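Step one of this worksheet: look at the structure below.
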Amino acid sequence: MRPEVTAYAFSVRAVYELPADRQQGCNWISGTSCPLDQGEFATYRLSMPVSEEYPLTPLEIEIRLYDQNNVLQFCTMIESEVV
């Protein structure tokens, strides 16, 4: 699984480059392992470092997971705030 993270704040879209150790989504799945079977439940845990340079602001974070064929398998939008 390949994660892709995009942040949205004040109508600005910014792709968030994950650190090298977070770029392989299968390393962050618990309760099972890759490849996942159709209908199988899994938990994906993503922890993202946030620079102190980021402004204190509400934002939306979109997380997408793509399979080995670059087919979207999961997408969610999370409301958050840099504090």
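Nothing here was measured: the structure is a model prediction, and the numbers come from that model. In what follows, residues are counted from 1 in the order of the sequence shown.
Side-chain contact between Phe74 and Met1 is absent, with no heavy-atom pair separated by less than 4.5 Å. Side-chain contact between Leu18 and Pro3 is present, with heavy atoms from C-beta onward closer than 4.5 Å. Contact of the Glu17 side chain with the Gln23 side chain is registered, since non-hydrogen atoms from C-beta on lie closer than 4.5 Å. No side-chain heavy atom of Pro58 sits under 4.5 Å from any side-chain heavy atom of Glu79.
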Does Tyr44 form a side-chain contact (heavy atoms from CB on, under 4.5 Å) with Ile63? I'd like the steps, not just the answer.
CA-CA 11 Å; Tyr44 173 68; Ile63 300 172; 4.3 Å; yes
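Judged purely by atom type and a 3.5 angstrom limit, Asp67 uses its side chain to pair as donor or acceptor with the backbone of Asn69. In terms of modelled atom types and a separation under 3.5 Å, the side chain of Arg2 and the main chain of Asn70 share no donor-acceptor contact.
Linking ILVMFWY residues whenever their side-chain heavy atoms come closer than 4.5 Å, directly or via other members, leaves Ile29 and Tyr66 in distinct clusters. Note on Leu65: it clusters hydrophobically with Ile61, by side-chain heavy-atom contacts below 4.5 Å among ILVMFWY residues.
For the atom pair CD (Gln68) and CD (Gln73), the distance works out to 8.0 Å, reported to the nearest 0.5 Å. Within the model, atoms OH of Tyr8 and OG of Ser80 stand 13.0 Å from one another, a figure rounded to the nearest 0.5 Å. Atom CD of Glu81 is separated from atom CG of Leu56 by 8.0 Å, given to the nearest 0.5 angstrom. Summarising the geometry, atom CG belonging to Leu59 is positioned 10.5 Å from atom CD1 belonging to Ile78; distances are rounded to the nearest 0.5 Å. Within the model, atoms CZ of Arg64 and CE of Met77 stand 8.0 Å from one another, a figure rounded to the nearest 0.5 Å.
Nearest heavy-atom pair, Leu36 versus Ser33, reported as atom, atom and distance to 0.1 Å: CD2-O, 3.6 Å.
Around the CD atom of Glu40, the shell of radius 6.0 Å holds more than 12 heavy atoms that belong to other residues, nucleotides or ligands.
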